[in-house]
Amino acid sequence: MNWQAAHDRDRVAQRGSEAMAGTPRPGRKTTRRAPPRECPVSESEPIEIAKMWRDRRGNALVFSLKSYEGRPFFDARLFFTDSDGRLKPTAKGITAAPRQLPEIAKAIAKAMEKAAELGLIDEAEGGE
């Protein structure tokens, strides 16, 4: 039990529940809930953008657009192949808001330029 909960319990025991009436709840600042958002991406059916094998052990990198509670997001996640041969997600990956995609694209373009400059990739590998 954290300090706040113990303090509240003791105060109710000493002064009754009326002592709690004027105190704010920890966490949420309001009781209002935002209306559900309309999202073009279904929670049950994410949109897969690209998939590439990471290694020969069956690990893959999957890029997709998903949503959670009406909020869309971009997901780049490592998947592994289970014993039945199906791809399952791991905890390793990143999620970002769609508005951050241009920044991510710029960062990847810079990484490609630097890798080509250092001779890590060929210039021909940059385009498909």
Side-chain angles (χ1 to χ4, degrees):
M1 183 180 304
N2 65 22
W3 178 87
Q4 182 69 42
H7 181 70
D8 290 346
R9 186 193 65 217
D10 293 342
R11 189 165 30 162
V12 168
Q14 292 171 1
R15 301 183 199 148
S17 61
E18 294 79 31
M20 296 297 296
T23 60
R25 290 185 346 196
R28 281 187 71 84
K29 304 226 185 303
T30 181
T31 57
R32 293 182 315 150
R33 294 202 49 93
R37 297 178 178 189
E38 287 296 319
C39 182
V41 181
S42 167
E43 271 190 50
S44 60
E45 295 182 33
I47 300 170
E48 189 175 294
I49 305 300
K51 183 188 306 182
M52 62 184 76
W53 292 108
R54 180 174 178 226
D55 54 33
R56 292 178 184 223
R57 288 182 281 180
N59 294 323
L61 190 56
V62 179
F63 301 91
S64 59
L65 291 173
K66 297 181 176 184
S67 71
Y68 180 71
E69 293 184 356
R71 296 174 187 257
F73 63 92
F74 168 74
D75 187 57
R77 187 144 317 274
L78 183 63
F79 279 62
F80 71 96
T81 305
D82 68 0
S83 59
D84 295 332
R86 290 182 292 216
L87 285 176
K88 300 281 184 157
T90 68
K92 296 178 181 179
I94 63 163
T95 59
R99 68 177 180 277
Q100 294 175 309
L101 284 172
E103 289 182 68
I104 293 169
K106 286 179 189 175
I108 290 173
K110 280 175 108 174
M112 287 181 60
E113 287 175 15
K114 192 62 161 178
E117 180 183 307
L118 295 172
L120 300 174
I121 61 173
D122 294 332
E123 292 288 333
E125 288 182 36
E128 291 200 18

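As the structure is a prediction and not an experimental result, all values here were calculated from the model.
Side-chain N or O atoms of Arg77 include none that pairs as donor or acceptor with a backbone N or O of Leu61 at under 3.5 Å. Using modelled atom types, one side-chain atom of Ser42 and one backbone atom of Ser44 make a donor-acceptor pair closer than 3.5 Å. Using modelled atom types, one side-chain atom of Asp82 and one backbone atom of Asp84 make a donor-acceptor pair closer than 3.5 Å.
Ala116 pairs by the side chain to side chain contact (heavy atoms under 4.5 Å, CB included) definition with Ile121, Glu123, not counting sequence neighbours. Annotation: side chain to side chain contact (heavy atoms under 4.5 Å, CB included) contacts of Ala76 (sequence neighbours excluded): Phe63, Phe74, Ile94. Scanning for side chain to side chain contact (heavy atoms under 4.5 Å, CB included) contacts around Leu118 gives Lys114, Leu120, with sequence neighbours left out. Every residue meeting the side chain to side chain contact (heavy atoms under 4.5 Å, CB included) condition with Leu87, not counting sequence neighbours, appears here in chain and number order: Lys51, Trp53, Ala60, Phe79, Thr81. Every residue two or more places apart in sequence or in another chain was checked for a salt bridge (charged side-chain N to carboxylate O under 4.0 Å, His left out) with Glu103, and none qualifies.
Distance check: Tyr68 OH to Cys39 SG gives 13.5 Å after rounding to the nearest 0.5 Å. With rounding to the nearest 0.5 angstrom, the CG atom of Leu65 is 7.0 Å from the CG atom of Leu101. Rounding to the nearest 0.5 Å places CE of Met52 at 13.5 Å from CG of Asn59. We find the NZ-CD distance between Lys66 and Glu48 to be 9.5 Å, quoted to the nearest 0.5 Å.
Cluster note: Phe80 groups with no other residue, as no ILVMFWY side-chain heavy atom lies under 4.5 Å from it.
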